[in-house]
Amino acid sequence: MRILTATQTLGGFFFASNYAMNGETQQRPSLAGEHFQAIIIGGGINGVSIARECALAGRRVLLLEQSDFASGTTSRATRIIHGGLRYLEHGDIALVRESLRERERLLQAHNHLVRRMDFVLALPRHSGIGRSALAIRTGLWLYRRLAPAEQHAPKMERKTLEAALDHGAQLQFFSYGDAQCEYPERLTAEWLAEAISNGAAIRNHAKALTVTIRNGVACGALVSDLLTGEEYEVTADWVINATGPWVDGINQRSQSHIGRLIGGVRGSHLIFNRIPAGARALVEGHAALYTEATDGRPIFAIPWAGQLLFGTTEVAQDQNDDPAKVQPTAEEIEYLLASARRLFGSEQLSLADVHYAYSGIRPLPYAPAESMAAITRNHLLHDHAGEGIANYISVVGGKLTTAGHLGRQCARKIGCDVAEPALAVVASEPDGGLDSAQSNWAKSIAAMSGLSEEQVQAIADWHGPRALCVIRAAQKDALMRKPIIAGSNHLLAEAFEAVHFECAIKLGDILLRRTPIALGVDWNERATDEAALNIGKALGWDEKRIAVEAEAFEIERAAFLRKVEVHAAKS
Ligand SMILES: Cc1cc2nc3c(=O)[nH]c(=O)nc-3n(C[C@H](O)[C@H](O)[C@H](O)COP(=O)(O)OP(=O)(O)OC[C@H]3O[C@@H](n4cnc5c(N)ncnc54)[C@H](O)[C@@H]3O)c2cc1C
């Protein structure tokens, strides 16, 4: 079956009529009537991880994403790669052990994106939560013991932080180690590129309308291509619903008797573009703070993208709300601001320091009888065979940290032969060892390529093993050597690579998720126009497309990274 429909979105309308003009349709042929061994619906970190594992195991898979890869919950997280210290309080030792193992795997396999980070636990002496210093020390001891690798020695000068924060709150301080992935969008893009190079068919901006279920077996999906306007059917041996907070929506559209699986919990963050004096020690020591909000809930303050990420909240999300439109309420903003001011002092932070705020929905298992904090953060692979639908799996919950494990488990469940990757035994690195090796590498590549050392370093930080391909593309062509915007160390070659190897199509795919410079502290509308023009020239877009891309990007940016003054005033 092949039906052509008019697309409803402005972008869809534009692309339906202009997409072919740039000769790009050859790169996106119709998949109508094709058969796959598995269709994975949802291109967040979990769906991409599943597609990658299945493709590596030699399966012919199709990955469908209605918007862009990592544009959902994956880009709205706190971005910590952690064992989950607080899961210990709920006695979930197996989850902590699994998460710590996955943390080490990510640190080894993606050390350009996932970095060790010191965490300082700062708890009021009289918090009323009832944790004694002894209980906390015992918990931290257990956390270290459960980790498969030795912790590195903290680099942070903790005394400076303690002095900066101790304004009457009578905090007690403890240290432990975890990790940060500043850009899970990049991690997702790398896994995506691996899936593609192992034969996976990939479609972003393509929505699965329903899962096809015949005679009690899931056997395909009806897809709407939001770029070309085409609607078509594809068939498959297995269908995996990895749509995070959207899981119930597609299940119910496909078969009304499937029960509710997701109990969405909204989490919001504030991003301060001015680092308060109390947090400078964190930035200098590449450390994060784990503390209590005004109501005693756990909360993080983390240096991120040259700013301070502060969050999160936990609010039950109405099942009928569209997860794509989630945003922080005025109450959440006030709560976060009050908690930050209590920590850093009210003279240090105000609403004017909030660059933007964003929200995401944790797709936790539906458990109406439990408190939100107590609901497991473990993922489930829900097999619908129990409801009379064979070969259909819904993914429930999960964390960035454990997405790799989830992908392997799911691939095994559909019959792929996937082993758990061994953890290498790594000798602890001498202080500054890796940093100085990297800086020597950057120096020599800079000397050979004509790029600056800072540019080489910035490209290596985001592209890891593919950095040399980006640098080679820049070396060959003066246009590709140009920065995306004046003063940035990120080059047009990265935008070009994003389109050709990481399936980026729209300006937002490039600037928010493949080369996410628009998340940074200085981005504004002028930067958007400049980037659209430069990227457009490099990719051969005509004037009309450049204008439409810039406009659509500003709409997407404003919907994701909310300006709090406007928002708070409205609520
Ligand atoms: C506030 C917050 C903080 C968090 N902090 C951390 C943290 O610090 N560390 C950590 O490890 N984890 C953290 N998490 C958890 C982690 O972010 C999520 O568990 C993870 O990103 C979920 O990924 P996913 O792929 O399942 O879902 P998503 O990233 O939401 O991906 C689902 C995708 O499916 C697509 N989709 C939906 N419907 C369709 C359809 N019909 N057709 C095609 N595509 C469709 C969506 O567009 C979306 O891109 C946090 C989560 C939240 C909300």
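Every number for a ligand or one of its atoms is a count from 1 in the order of the listing. Computation of the quantities below employed the complete heavy-atom set of this structure, encompassing side-chain atoms and omitting hydrogens, waters and symmetry-equivalent molecules.
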Thr313 side chain to Glu332 backbone, donor-acceptor under 3.5 Å:
no

May I ask you to say whether [X] pairs ionically with [Y], meaning some side-chain N is under 4.0 Å from a carboxylate O?
{"X": "Glu98", "Y": "Arg408", "answer": "no"}
{"X": "Arg514", "Y": "Asp68", "answer": "yes"}
{"X": "Glu34", "Y": "Arg60", "answer": "yes"}
{"X": "Glu420", "Y": "Arg105", "answer": "yes"}

Residues lining ligand 1 [heavy-atom distance under 4.0 Å, listed by chain and residue number]
Ile41, Gly42, Gly43, Gly44, Ile45, Asn46, Leu64, Glu65, Gln66, Gly72, Thr73, Thr74, Arg76, Ala77, Thr78, Arg79, Ile80, His82, Ala206, Lys207, Ala208, Ala242, Thr243, Gly244, Pro245, Trp246, Ile250, Arg253, Gly267, His269, Thr312, Gly360, Ile361, Arg362, Gly398, Lys399, Leu400, Thr401

Residues two or more places apart in sequence or in another chain: which of them pass ring pair (Phe, Tyr, Trp, His ring centres under 6.0 Å) with Phe560?
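Phe560 satisfies ring pair (Phe, Tyr, Trp, His ring centres under 6.0 Å) with Tyr358 only.
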
